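Structure record follows, encoded as C-alpha cells.
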Amino acid sequence: MGREVSESCVESLLTEIVSSYCNGFYANKPELAVRRIEAIGFQVGHQLCERYTMDRPRFSDHLEAIKFICKDFWSELFKKQIDNLKTNHRGTFVLQDNKFRWLSRMSTDPSLPTPSSIQDPAAMAENKAAEAIGMHLYFPCGIIRGALSNLGIPCAISADISNLPACSFVVRIKA
Amino acid sequence: MQSQSRLPANPSRTGAKGFGSLIKWREKMIVCVAVVGHQNNPLYVQSFTDADDALKLHHIVHCSLDVVDERVNNPKKSGPTLNETFLGMLYPTENYKVYGYLTNTKVKFVLVTTDLDVRDADVRNFFRRFHAAYVDAVSNPFHVPGKKITSKTFAERVSNIVKSFGLSSAG
C-alpha cells in the first residue's frame, strides 16, 4: 500500500506554493500569504499524523508526542531524525535540524556576513534573503502544528534559521 | 471478570458442531460500527441489521463512550495493556458485546457484535483494518476534519471488513 512521493516534486511544489502565495495571490499582504501557507501545512500534518500514529500505543504525555515528531514523524518526512531536542520543561520545545532537507538546496550569497547589525546595506540584503527563506518554513511549521494538534496538543510553532541548512523549530504548547 | 462470562460460551461452541453450526454462523456478526470524534461527535455510524433498531444501536454506542472515558482516565485498571489503542470489551449487554478502540488522535471506534464468544484476535484484526480504512478516508483532501465521513468508498470498505469479520481465522 505504501505509495511514495517524489522528493524533488515535493520540493518544487513547496517552492511554487511559496512563490505563488507571496508574489501572486497575496503579493501585498504577506501576513495573509503566511497564514494560507501555514494552513496548507496544517492540513498535511493533521492527515499524516493520523497515518503515522496508526500502529503505536497512545502517548501518555506531551514529551512522548514531541519525541514521536522528532523521531518517527521526521524520519517519514525527511528520512532523518531531528538532531537536537531541547526543552524548558514548561511547555517549550526547541527542535533543531542541522540539515533541514527542504533548505539543503537553498543558497544565499556566501560573501555576505551574517546579520550582526542592520545598519549596513549588506546585512539588509541578507535580511531579505532570510525573510525569503523564512517564508519556506511556514509550511513545515504548519505540518508540525497540524500533527501535534491532531494528537490533542494545541501549540504555536515558530522557526528560525541560524546558518543555512540548519534550522530550528520552537514549539510552544498552549496551556 | 470478563473471562468468567466467556467460559460458559465455550462448551456451547464445541457442542454446536452439528446442526447448530449454521445458526452459529449467522450469529457471528457485527450489528453496528461507529466512529466517534475527539469531542464525542459521531463521525460515522452504520448498522448492519435488517430490523429497524438503528436508534437502539445508536444508544448502545453512546453509552459505550462513557466506558471509553473511564478506561482512559483510570489506566491502572487496564494494567499491562496501558495506552494500547485496543481497549477490549467495553461492556456486555444481554444481546450484544461492545468493543472499543481509541486512536492516538482521540478518535474512538466502537464495534457492536451479537457474537457471544468472539475471539480477541478477530476483534483486533477487525479494528486494525477498520483503522486503515479510516485513515485512508480522512486523508482525502476533500474530507473536512471533524465532519461526518460521507465517502462511499469508505462505506464500501467498511462493509467488506464487516462481512469478513471472523472468517479469516475461523475458517
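Below, read A as the first sequence line, B as the second, and so on, with proteins coming before strands; counting in each chain starts at 1. None of these values were measured; they are calculated from a predicted model.
- Looking only at distances, a side-chain donor or acceptor of Asn104(B) sits under 3.5 Å from a matching main-chain atom of Pro57(A).
- Neither the backbone nor the side chain of Phe127(B) comes within contact range of chain A; no heavy atoms are under 4.5 Å apart.
- Between His131(B) atom NE2 and Thr53(A) atom OG1 the span is 6.0 Å, to the nearest 0.5 Å.
- Of all the heavy atoms in Gln47(A) and His143(B), the pair that sits closest is NE2-O, 4.5 Å.
- Note on Leu48(A): it clusters hydrophobically with Leu14(A), by side-chain heavy-atom contacts below 4.5 Å among ILVMFWY residues.
- In the hydrophobic clustering of ILVMFWY residues, with side-chain heavy atoms under 4.5 Å counting as a link, Tyr99(B) and Val45(B) come out apart.
- Within 6.0 Å of CZ on Phe139(A) lie more than 12 heavy atoms contributed by other residues, nucleotides or ligands.
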Exercise. side-chain contact (heavy atoms from CB on, under 4.5 Å) between Lys106(B) and Asn150(A): does it pass, once the steps are laid out?
Worked result: CA-CA 8 Å; Lys106(B) 313 286 180 283; Asn150(A) 201 8; over 6 Å; no
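- Under the 4.5 Å side-chain heavy-atom criterion for Ile, Leu, Val, Met, Phe, Trp and Tyr, Val144(B) and Ile40(A) are members of distinct hydrophobic clusters.
- Ranking Ser139(B), Ala132(B), Pro141(B) against chain A, the residue ahead of the rest is Ser139(B), based on heavy-atom pairs under 4.5 Å.
- Under a hydrophobic clustering in which Ile, Leu, Val, Met, Phe, Trp and Tyr are joined whenever their side-chain heavy atoms come within less than 4.5 Å, directly or via other members, Phe73(A) and Val5(A) fall into the same cluster.
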For this session: Show your reasoning for whether side-chain contact (heavy atoms from CB on, under 4.5 Å) applies to Val138(B) and His46(A).
Result: CA-CA 10 Å; Val138(B) 295; His46(A) 201 269; over 6 Å; no
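- Lys80(A) NZ: more than 12 foreign heavy atoms inside a 6.0 Å radius.
- Residues satisfying the salt bridge (charged side-chain N to carboxylate O under 4.0 Å, His left out) test with Arg101(A), not counting sequence neighbours, are Glu7(A).
- Both the backbone and the side chain of Glu50(A) come within contact range of chain B, each with at least one heavy atom under 4.5 Å from a heavy atom of that chain.
- Considering all non-hydrogen atoms of both residues, Tyr101(B) and Met54(A) come closest at OH-O, 4.0 Å.
- A chain of hydrophobic side-chain contacts below 4.5 Å, direct or via other Ile, Leu, Val, Met, Phe, Trp or Tyr residues, connects Leu111(B) to Val107(B).
- Atoms CZ and OG1, from Arg51(A) and Thr105(B) in turn, are 12.5 Å apart once rounded to the nearest 0.5 Å.
- Nearest heavy-atom pair across Arg58(A) and Val72(B) is NH2-CG2, 4.0 Å.
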